[in-house]
*Asks:* 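Pasting a structure below so you can have a look.
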2 protein chains.
Amino acid sequence: MSQVNDHLKIKSVKRETLSNQVIDQIIELLLSGQLKPGDKLPSEMELIDMFMVSRPVLREAISSLETIGIVRRKTREGTYFTNKIGSKPFKIMLSLSVGDIKAFIETRIAQELGLVTLAAEKISDEDLGRLKDNIEKMEAREGDAIELDKEFHRIIAYSASNPIIEGIIDPLLNMIDQTQETIPPEDRDKAYTIEQHKEIYAALEIRDPIESYLCMYRHLDHARKRILARHEAKNSFDLDQK
Amino acid sequence: MSQVNDHLKIKSVKRETLSNQVIDQIIELLLSGQLKPGDKLPSEMELIDMFMVSRPVLREAISSLETIGIVRRKTREGTYFTNKIGSKPFKIMLSLSVGDIKAFIETRIAQELGLVTLAAEKISDEDLGRLKDNIEKMEAREGDAIELDKEFHRIIAYSASNPIIEGIIDPLLNMIDQTQETIPPEDRDKAYTIEQHKEIYAALEIRDPIESYLCMYRHLDHARKRILARHEAKNSFDLDQK
DNA sequence: ATAATTTATTTGTCAGACAAATAAATTCAA
DNA sequence: TTGAATTTATTTGTCTGACAAATAAATTAT
């Protein structure tokens, strides 16, 4: 069905609300290069004159753009295009998937596996240094080091320095942090984690994409199985309780 | 900076517009399970009474929700929650990255590499059949078969049957299709493509995640290098022309 | 020259009205 | 009775105009 629409390139027949048209036009200001990220948009009154629409219509449009993180409004000051590509809409999307823990975990794994492959090609010496530091800190630290573990994965995520991927992985990692669906401390074998981190680091250091992937796969697969097993156990427990 | 906000859990100090509050409350209707995807929202007048805000404020909120694809408005009929998790916001996000072809290609590769690993674990016999059909069609077809090539990758993308990943990969593939930044026909070696597709299929058939990844990596890496080389050549050409 | 105050601009919110679309109810005709 | 045409009522879509709140900029007072 959507195939048909995609193919015919018809702009969704109806649903050409004035506000939607305004949204498109404002985005067009960006795409055409007339305005750049960070630039100030004309004031509401000016935009009203430009687009020849009423204020509610304009405000609905800008309001939409704001919630998807394309512009930022400041009372009295004006409306600005955001300078960084927004991860906001994806974040909202994700928040609607809460509950589907399995999909989350899978997505996270898929992202990290793809990422580490890229990272192996692009990682900077600086980021490699950070990883090394991270591992050393983890070895030195007494007891658990969940925060360091998270940091390790974040460094890799950003080392691919790809804005689109960052927009995906960033809200994803945040969301997972929030849901607390991490590996419980009692299950963690710190020494084993460090060993795997070292393997990943070694593979990244020699810029070997495939070897990096293999190490990361072993690392994540191991963790995932435990998380999912625990999760399913909990679910069946919940069912039993009913 | 954002770290501080994240940590303190303060709702972004200011920017608590009425419409934003309404947005949160409506999303809350979903998260709390009071309403489900596909359900009809109360009419505007009812919502106005519920939230005790004016109509413009309510409409700004709903308008925002509509552009990020959480609700769907139909004149006279009402407003409904969308039943499928939306890929719309991500699509808009992506559209702001047009021009960064390299980031697109990289993202696509990262996604597919992660995906195929998952797919190997989850792919259904039905989808395997589709892949087989696809390969056979490609062998039978005279001349180029770009559409079939695209379909091959799409089947794999959906075979992981993960709604979050679908929301990412779907707009990404569409966007790449649109930008026409595919491998030019003259560069394509159909026989080679088919051979690689067969390898990927074989790996998926035996549900081997790592082998699937390796095949896919070879396949994509080969294509990518040519696309990026061509793209950079074009860029330097453009620069020369200036 | 600095601090306090005022002013003007811009976003934020509200109220009320009418237009447009259409689902549902009603009427009319076969 | 049934089916088609018409009317009605509801709901979204848009407009106008107004005032509130915030604050950058200008002005005034010390």
Side-chain angles (χ1 to χ4, degrees), chain A residues 10-27 29-30 35 37-83 86 88, chain B residues 10-27 29-30 35 37-83 86 88:
Chain A
I10 290 176
K11 286 187 179 177
S12 59
V13 193
K14 301 257 164 174
R15 190 116 314 282
E16 265 309 331
T17 314
L18 275 182
S19 0
N20 286 343
Q21 293 179 35
V22 172
I23 290 176
D24 290 342
Q25 295 222 41
I26 292 180
I27 290 183
L29 287 178
L30 260 189
L35 289 176
D39 282 357
K40 184 175 180 300
L41 274 78
S43 75
E44 289 189 355
M45 289 313 293
E46 291 175 278
L47 289 172
I48 287 172
D49 291 340
M50 284 173 57
F51 298 135
M52 295 190 296
V53 294
S54 70
R55 200 152 163 245
V57 167
L58 180 82
R59 283 188 58 82
E60 276 187 29
I62 295 188
S63 190
S64 296
L65 291 174
E66 192 181 21
T67 62
I68 60 182
I70 291 180
V71 303
R72 200 177 83 251
R73 278 196 282 202
K74 293 187 76 170
T75 313
R76 148 74 216 192
E77 222 180 318
T79 308
Y80 298 82
F81 282 110
T82 48
N83 22 27
K88 210 172 170 183
Chain B
I10 290 176
K11 287 187 179 176
S12 59
V13 192
K14 301 251 167 180
R15 191 116 314 283
E16 265 308 329
T17 314
L18 276 182
S19 359
N20 286 343
Q21 292 179 37
V22 172
I23 289 176
D24 290 341
Q25 295 222 40
I26 292 181
I27 290 183
L29 287 179
L30 261 189
L35 289 176
D39 281 358
K40 185 174 179 299
L41 274 79
S43 74
E44 291 189 352
M45 289 313 294
E46 290 175 276
L47 288 172
I48 287 172
D49 292 340
M50 283 172 58
F51 298 136
M52 295 190 296
V53 294
S54 70
R55 204 158 159 237
V57 166
L58 180 82
R59 283 188 59 82
E60 278 188 28
I62 296 188
S63 190
S64 297
L65 291 173
E66 192 181 20
T67 63
I68 59 181
I70 291 181
V71 303
R72 199 177 86 252
R73 278 195 282 203
K74 293 186 76 170
T75 314
R76 149 73 215 192
E77 222 179 319
T79 308
Y80 298 83
F81 283 110
T82 48
N83 22 27
K88 209 171 170 182

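In what follows, chains are A, B, ... by sequence order, proteins preceding strands, each numbered from 1. Please read these numbers as outputs of a predicted model, since none were measured by experiment.
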*Asks:* Rounded at 0.5 Å granularity, tell me how far CG in Leu58(A) sits from CE in Met52(A).
*Replies:*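 If I round to the nearest 0.5 Å, the distance is 13.5 Å.
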
*Asks:* Using heavy atoms to find the nearest nucleotide of DNA chain C for Leu41(A) and Met52(B) separately, return the residue whose nucleotide is more 5′.
*Replies:*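 That would be Leu41(A).
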
*Asks:* Check nucleotides 16-19 of chain C for protein N or O atoms closer than 3.5 Å to its own N or O atoms and list the pairs.
*Replies:*
from, atom 1, to, atom 2, distance (Å)
dA17(C), N6, Arg55(B), NH1, 3.1

*Asks:* Tell me whether the side-chain N or O atoms of Arg76(A) pair up with the base of dT9(C) as donor and acceptor below 3.5 Å, since no angle test is needed here.
*Replies:*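 Indeed there is one.
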
*Asks:* Does dT14(D) have OP1 or OP2 sitting under 4.0 Å from an N or O in the side chain of Ser19(A)?
*Replies:*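 Yes, Ser19(A) has a side-chain N/O under 4.0 Å of OP1/OP2 on dT14(D).
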
*Asks:* I need the minimum non-hydrogen distance between Thr82(B) and Pro37(B), along with the two atoms involved.
*Replies:*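 Of all heavy-atom pairs spanning Thr82(B) and Pro37(B), the closest is O-CB, 3.4 Å.
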
*Asks:* From the set dT14(D), dT11(C), dC14(C), return the single nucleotide nearest to any side-chain atom of Val57(B).
*Replies:*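 My answer, after comparing the listed nucleotides, is dC14(C).
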
*Asks:* Of the options dG13(D), dA23(C), dG12(C), whose atoms approach the side-chain atoms of Glu44(A) most closely?
*Replies:*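 Per side-chain heavy atoms of Glu44(A), the pick is dG12(C).
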
*Asks:* Side chain to side chain contact (heavy atoms under 4.5 Å, CB included) with Ile23(B): which of Ile68(B), Leu65(B), Ile70(B)?
*Replies:*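 Output: one option passes, namely Leu65(B).
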
*Asks:* Report yes if a side-chain nitrogen or oxygen of Thr75(A) is closer than 4.0 Å to either non-bridging phosphate oxygen (OP1 or OP2) of dA22(D); otherwise report no.
*Replies:*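 The answer is no; no side-chain N or O of Thr75(A) sits under 4.0 Å from OP1 or OP2.
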
*Asks:* Got a second to check how far Leu30(A)'s CG is from Phe81(A)'s CZ, nearest 0.5 Å?
*Replies:*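 Going from CG on Leu30(A) over to CZ on Phe81(A), the span is 4.0 Å.
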
*Asks:* Expressed as a whole number of angstroms, how long is the span from Ile48(A):CD1 to dT14(D):P?
*Replies:*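 In whole Å, dT14(D) P and Ile48(A) CD1 are 14 Å from each other.
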
*Asks:* Does a side-chain N or O of Thr79(B) approach OP1 or OP2 of dT11(D) to a distance below 4.0 Å, or not?
*Replies:*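 No.
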
*Asks:* In whole angstroms, how far is the P atom of dG13(D) from the CG atom of Asn20(A)?
*Replies:*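 After rounding, the gap between these two atoms is 9 Å.
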
*Asks:* May I have the distance from Leu47(A) (atom CG) to dT10(C) (atom P), rounded to whole angstrom?
*Replies:*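 Interatomic distance, CG of Leu47(A) to P of dT10(C): 11 Å.
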
*Asks:* Which heavy atom in Val53(B) sits nearest to a heavy atom in Ile48(B), and how many Å separate them?
*Replies:*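 It is O-CG2, 3.0 Å.
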
*Asks:* Measuring from atom CG of Asn20(A) to atom OG1 of Thr67(B), what distance do you get when rounded to the nearest 0.5 angstrom?
*Replies:*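 Here the interatomic distance stands at 8.0 Å.
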
*Asks:* When the distance from CZ of Arg73(B) to P of dA21(C) is rounded to whole Å, what number comes out?
*Replies:*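 Those two atoms, CZ and P, are 16 Å apart.
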
*Asks:* Nearest 0.5 angstrom please: Glu60(A) CD to Glu66(B) CD, how far?
*Replies:*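 The distance works out to 9.0 Å.
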
*Asks:* For the pair made of OH in Tyr80(A) and C1' in dT23(D), what is the distance, rounded to whole Å?
*Replies:*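 Taking OH of Tyr80(A) and C1' of dT23(D), I get 12 Å after rounding.
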
*Asks:* Please state how far atom CD in Gln21(B) lies from atom P in dT13(C), giving the value in whole angstrom units.
*Replies:*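 Distance check: Gln21(B) CD to dT13(C) P gives 8 Å.
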
*Asks:* When you measure from the side-chain N and O atoms of Ser43(B) to the phosphate of dT10(D), is any distance below 4.0 Å, counting only OP1 and OP2?
*Replies:*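 So the side-chain polar atoms of Ser43(B) never come under 4.0 Å of the phosphate oxygens OP1 or OP2 of dT10(D).
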
*Asks:* CG of Leu18(A) versus P of dA21(C): gap in Å, rounded?
*Replies:*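 Spelled out: CG on Leu18(A) to P on dA21(C) is 12 Å.
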
*Asks:* CZ of Arg59(A) versus C1' of dT13(C): gap in Å, rounded?
*Replies:*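 Nearest whole value for this atom pair: 8 Å.
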
